[in-house]
2 protein chains.
Amino acid sequence: MARARKNASKAGDRRREQLLELGLRLFSDRSFADISIDDIAAAAGISRGLLYHYFRSKRGFYTESVRYAADQLVASTDTPATLEPEARMRAGLAAYLDYVERYAAAYALLLRGGLGVDPEVAAILEGAREAIVARIVREAPELEASPPVHAALRGWIHLVEGMSLDWIERRELPRERLIEVFMAALWSIAEAALGDLALAGAASART
Amino acid sequence: MARARKNASKAGDRRREQLLELGLRLFSDRSFADISIDDIAAAAGISRGLLYHYFRSKRGFYTESVRYAADQLVASTDTPATLEPEARMRAGLAAYLDYVERYAAAYALLLRGGLGVDPEVAAILEGAREAIVARIVREAPELEASPPVHAALRGWIHLVEGMSLDWIERRELPRERLIEVFMAALWSIAEAALGDLALAGAASART
DNA sequence: ACTTTGAATTGAATTCAATTCAATTTTCTG
DNA sequence: CAGAAAATTGAATTGAATTCAATTCAAAGT
C-alpha cells in the first residue's frame with residue numbers, strides 16, 4: 001500500500017501539473033472571469049467535478065497556476081556561483097529574459113495578476129520578488145542589506161518586470177541594450193537610495 | 001424641458017460620482033469578488049436595481065471606479081508650465097506622492113487590476129501611463145521622442161508605481177530620498193536606453 | 001392646478017455559473 | 001481474485017448577477 005499510495009500520488013501529481021500548465025495557457029488568453037469551470041474541464045477533457053478533486057475552487061486553480069509560473073521563473077533564473085558578481089548578475093538577467101521570451105504567456109499571466117490583486121496572488125508575487133532580491137543581496141557584496149537597499153531593489157524589480165512585459169509586446173529595444181538598462185538602473189537606484197556617495201566606489205568600479 | 005433634462009442629468013452625474021467614490025472605498029478594502037452587488041447597494045443606501053440604472057454591470061462599475069481614480073491621478077499631477085524642466089519634474093513627482101499619500105486606497109485600487117485583470121482595466125492603466133509619459137516627453141527638452149526613450153519611460157513609471165506602493169506600506173525611505181531615487185533613475189535609464197553617451201551632456205548638466 | 005413625460009427607483013423573477021456530493025468506475029495491493 | 005483507496009462523473013444545489021415590469025417622483029408646458 002505504501003507503494004500504491006506513492007504511485008497513485010505520483011500519477012496524481014503529474015496530472016495536477018498538466019492541469020496547471022493548461023491553466024497557464026487558458027488564463028493568459030482570456031481573463032479569469034471569462035473562463036468558466038466548464039471551459040477548463042472541457043479543455044482538459046475531464047469532468048467539472050474532477051477539477052474539484054484536484055483544486056479547492058476555481059480561484060484556487062487560478063492561484064496555483066500563478067504559483068506554478070512563479071516557481072518556474074524563480075528557479076530558471078538561478079545562476080552558477082562560480083561567476084563573478086557582475087557577470088552573475090548579467091547571467092541572471094539573461095536567464096530572466098530567456099524565460100520571458102520562451103514562456104511569454106506564463107510571464108504575462110504572472111504580472112497581469114497585477115500589483116496586488118487578491119491577497120493570495122499578491123503574496124505569491126511578493127514572495128517571488130523577495131526571493132530574487134534576497135539572491136541579489138547575497139550575491140552582490142557591495143550591497144548591504146539595509147531597508148533602503150531593499151526598497152531600491154524591490155523598485156528595480158518592478159522596472160525589470162514592466163520593461164520585460166513591454167519588451168515581449170513591442171520589442172522597442174534590442175535584448176542586449178535592455179540588459180544594459182537594467183544594470184545601469186540597478187546601480188543608480190541603489191546609490192540614490194543610500195545617499196549621495198555611499199556606493200560611489202562600487203558603482204564606478206564596475207565601469 | 002431643455003432645462004429639466006440638463007438639471008436631471010446634472011443631478012444624475014453627481015449621484016454617479018458619489019457612487020464611484022463609494023466604489024473606490026469599497027474596492028480598496030475588499031476585493032472585487034468579495035463584494036456583492038447587494039453589498040454595494042446596501043452601502044450606498046439604494047436598491048440593487050438602481051445600480052444597474054447607473055452602471056452597465058458590476059464589472060462596469062468596477063471599471064469606472066478605476067477610471068475615475070486614474071483620471072484623478074493624472075489630473076492631480078499636472079504642473080505649472082512656468083517651472084524649469086527639472087524643477088517641474090520634481091514638482092510632478094511631489095504631486096504624485098501627495099496623491100499617493102492622500103488617496104492611498106484609491107491608488108492601491110488603481111494598481112491592482114483585479115483578478116485576471118480584464119483588458120479594459122489594463123487599457124485604462126496603460127492610458128494613464130501613456131498620458132504621463134507624453135507629458136514628460138513634452139516637458140523635457142533633452143528627451144527626444146524615440147521608441148527607446150518611450151520604452152525607458154514606461155519602465156521608469158513601473159519603478160515609480162512599485163516603489164510608491166511599497167512606500168505607503170513600509171515607509172522605508174524618506175519622501176525626499178524617494179524623489180531623488182526617481183530622478184536619478186530617470187536619467188540613468190533614459191541614458192542607458194539610448195546608448196552610452198547620447199544623453200551624457202544633459203545628465204551631467206543636471207548635477 | 002393639472003397633465004404629461006421621462007427619469008429614478010424598486011424588488012420579484014430569471015439566469016448562469018460555481019460548488020457539493022452521492023454514486024460509479026478504475027487502479028493498485030495483498 | 002477481493003477489497004480498499006483513489007479517480008471520476010454528472011445530477012442537484014446554491015448563491016450571486018442580471019433583467020424587467022411596475023411604481024414613484026420631479027419638472028415643464030398648458
Side-chain angles (χ1 to χ4, degrees), chain A residues 1-23 26-27 29-66 117-121, chain B residues 1-23 26-27 29-66 113-121:
Chain A
M1 177 210 163
R3 209 174 84 230
R5 270 254 51 207
K6 204 178 168 191
N7 284 351
S9 141
K10 210 188 280 179
D13 285 357
R14 197 163 29 256
R15 176 129 235 199
R16 242 183 101 83
E17 210 171 301
Q18 285 169 353
L19 288 173
L20 289 177
E21 253 148 33
L22 173 68
L26 291 180
F27 287 129
D29 269 357
R30 283 175 294 149
S31 78
F32 179 78
D34 281 354
I35 298 173
S36 73
I37 285 280
D38 286 315
D39 290 342
I40 300 168
I46 64 176
S47 75
R48 204 169 23 271
L50 188 52
L51 245 122
Y52 284 89
H53 177 68
Y54 286 107
F55 303 96
R56 191 179 341 286
S57 64
K58 183 189 174 190
R59 184 180 220 110
F61 179 56
Y62 178 84
T63 305
E64 300 239 22
S65 299
V66 170
V117 182
D118 81 351
E120 206 175 346
V121 173
Chain B
M1 180 217 175
R3 208 172 85 229
R5 272 254 51 208
K6 206 178 165 191
N7 285 350
S9 141
K10 212 188 278 177
D13 285 357
R14 197 164 27 258
R15 179 126 231 204
R16 242 182 100 85
E17 211 170 300
Q18 286 170 351
L19 289 172
L20 288 176
E21 253 148 33
L22 174 68
L26 291 179
F27 287 128
D29 269 357
R30 283 175 294 151
S31 78
F32 179 77
D34 283 352
I35 298 173
S36 74
I37 284 281
D38 286 317
D39 291 341
I40 300 168
I46 63 178
S47 76
R48 206 167 25 270
L50 187 53
L51 234 96
Y52 284 89
H53 177 70
Y54 286 107
F55 304 96
R56 193 180 335 291
S57 64
K58 183 189 174 190
R59 183 169 222 113
F61 179 57
Y62 178 81
T63 305
E64 300 239 24
S65 300
V66 170
L115 199 48
V117 176
D118 76 354
E120 205 174 343
V121 173

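Letters A, B, ... mirror the listed sequences (proteins, then strands); counts begin at 1. Every value quoted in this text rests on a predicted model; they were computed, and no experiment measured them.
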- Query: Nearest-Å distance, CZ (Phe55(B)) to P (dA17(D))?
  - Reply: 16 Å
- Task: With sequence neighbours left out, write down each residue that passes ring pair (Phe, Tyr, Trp, His ring centres under 6.0 Å) with Tyr52(A), or none if nothing qualifies.
- Result: none
- Of the nucleotides dG11(C), dT8(D), dA8(C), which has the atom closest to the Ser47(B) side chain? dG11(C)
- Item | Interatomic distance, Arg16(A) CZ vs dA6(D) P [rounded to whole Å] | 15 Å
- Item | Whole-Å distance separating the CG atom of Leu50(B) from the C1' atom of dC25(D) | 13 Å
- Partners meeting side-chain hydrogen bond (donor to acceptor under 3.5 Å, both in side chains) with Glu21(B) (sequence neighbours left out): Tyr68(B)
- Ser65(A) and Leu20(A): which non-hydrogen atoms are nearest, and at how many Å? N-CD2, 3.7 Å
- Once base and sugar-phosphate atoms are separated, protein heavy atoms under 4.0 Å mark nucleotides 16-21 of chain C, 5' to 3', with B, S and - as --SBB-
- Rounded interatomic separation in angstrom, taking CG from Leu51(A) and C1' from dG10(D): 14 Å
- Item | Listed once per pair and sorted, the salt bridge (Lys or Arg N to Asp or Glu O under 4.0 Å) pairs that draw on residues 34-47 of chain B, sequence neighbours left out | Arg30(B)-Asp39(B), Asp38(B)-Arg48(B)
- Task: Quickly work out the Tyr54(A) OH to dT9(D) C1' distance and round it to whole Å.
- Result: 13 Å
- Message: Do the side chains of Arg16(B) and Glu64(B) get close enough for a salt bridge, i.e. N-O under 4.0 angstrom?
- Response: yes
- Could you check how far CD1 of Ile46(A) sits from P of dA6(D), rounded to whole Å? 18 Å
- Query: side-chain contact (heavy atoms from CB on, under 4.5 Å) with Ala42(A): which residues, sequence neighbours excluded?
  - Reply: none
- Establish, with yes or no, whether the OP1 or OP2 oxygen of dA7(D) is under 4.0 angstrom from a side-chain nitrogen or oxygen of His53(A). yes
